[in-house]
Asks: 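Handing you this structure, nothing more for now.
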Amino acid sequence: MTAITINIPDSKVSFFKKLIAEMGWNYEVREDTHSKVKARLYDPETGEYLNDKTMKAIEDVRSGKEPVYEMKSMDDFKAWCESL
């Protein structure tokens, strides 16, 4: 017996299960672990990926856990730093 691995969209799994069962074949469904890996940001100038700490900080801001500060000038930035 030969095994063949195919990747199909989640929305089509039930269709393929039914089709394969109608043919009298066996099948095994495995979750795709490759698509579950979180993407890392890449800096083309240095050729490096951001480290875990930086990625967590970005995720915290995107999810709303950390506030976003908008500064229009260096003076705004200095004033914000002095307020800490």
Side-chain angles (χ1 to χ4, degrees):
M1 181 178 283
T2 301
I4 297 174
T5 302
I6 61 170
N7 295 314
I8 57 173
D10 291 339
S11 61
K12 301 291 184 186
V13 170
S14 61
F15 169 78
F16 278 96
K17 282 182 176 180
K18 183 178 174 184
L19 180 66
I20 291 168
E22 287 176 5
M23 292 180 182
W25 297 349
N26 296 322
Y27 64 87
E28 178 181 344
V29 177
R30 294 184 189 173
E31 186 175 334
D32 179 13
T33 57
H34 299 299
S35 64
K36 304 292 182 197
V37 176
K38 289 187 179 180
R40 288 203 168 267
L41 297 177
Y42 175 76
D43 183 353
E45 289 182 17
T46 63
E48 296 178 359
Y49 290 89
L50 298 181
N51 64 30
D52 291 340
K53 187 175 181 180
T54 305
M55 289 301 297
K56 182 173 179 343
I58 292 169
E59 289 171 11
D60 287 349
V61 169
R62 286 181 176 167
S63 68
K65 290 180 183 175
E66 291 292 329
V68 176
Y69 301 97
E70 185 176 333
M71 294 158 208
K72 298 182 191 243
S73 68
M74 193 61 178
D75 290 334
D76 290 347
F77 178 69
K78 287 178 184 175
W80 177 77
C81 289
E82 290 171 359
S83 71
L84 297 177

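Values in this document were obtained by computation on a predicted structure and should not be read as measured data.
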Asks: From E82 CD over to K78 NZ, what is the distance, rounded to the nearest 0.5 angstrom?
Replies: 8.5 Å
Asks: Using every non-hydrogen atom in the two residues, find where Y69 and P67 come nearest and quote the distance to one decimal.
Replies: OH-CG, 3.4 Å
Asks: So that I can tick it off, tell me whether K56 and D52 are bridged by a salt bridge, with the cut-off set at under 4.0 angstrom between side-chain N and carboxylate O.
Replies: no
Asks: If you group Ile, Leu, Val, Met, Phe, Trp and Tyr by side-chain heavy-atom gaps below 4.5 Å, do Y49 and L41 land in one group?
Replies: no
Asks: If you define the side chain from C-beta out and look only at heavy atoms, does anything of W80 sit under 4.5 Å from L84?
Replies: yes
Asks: Report whether L19 and W25 are members of the same hydrophobic cluster (ILVMFWY, side-chain heavy atoms less than 4.5 Å apart, transitive linking).
Replies: yes
Asks: Look at the side-chain heavy atoms of Ile, Leu, Val, Met, Phe, Trp and Tyr, link any pair under 4.5 Å apart, and say whether V13 and M23 land in one connected group.
Replies: yes
Asks: If you measure from CE on M71 to CE on M74, what distance do you get to the nearest 0.5 Å?
Replies: 10.0 Å
Asks: Can you tell me how far the CD1 atom of I20 sits from the CD atom of E28, to the nearest 0.5 Å?
Replies: 11.5 Å
Asks: Please check this pair: side chain of T54 against backbone of L50, looking for a donor-acceptor N/O pair closer than 3.5 Å.
Replies: no
Asks: Atom NZ of K12 and atom NZ of K17: how far apart are they, to the nearest 0.5 Å?
Replies: 15.5 Å
Asks: Between V61 and I58, is there a side-chain heavy-atom distance shorter than 4.5 Å?
Replies: no
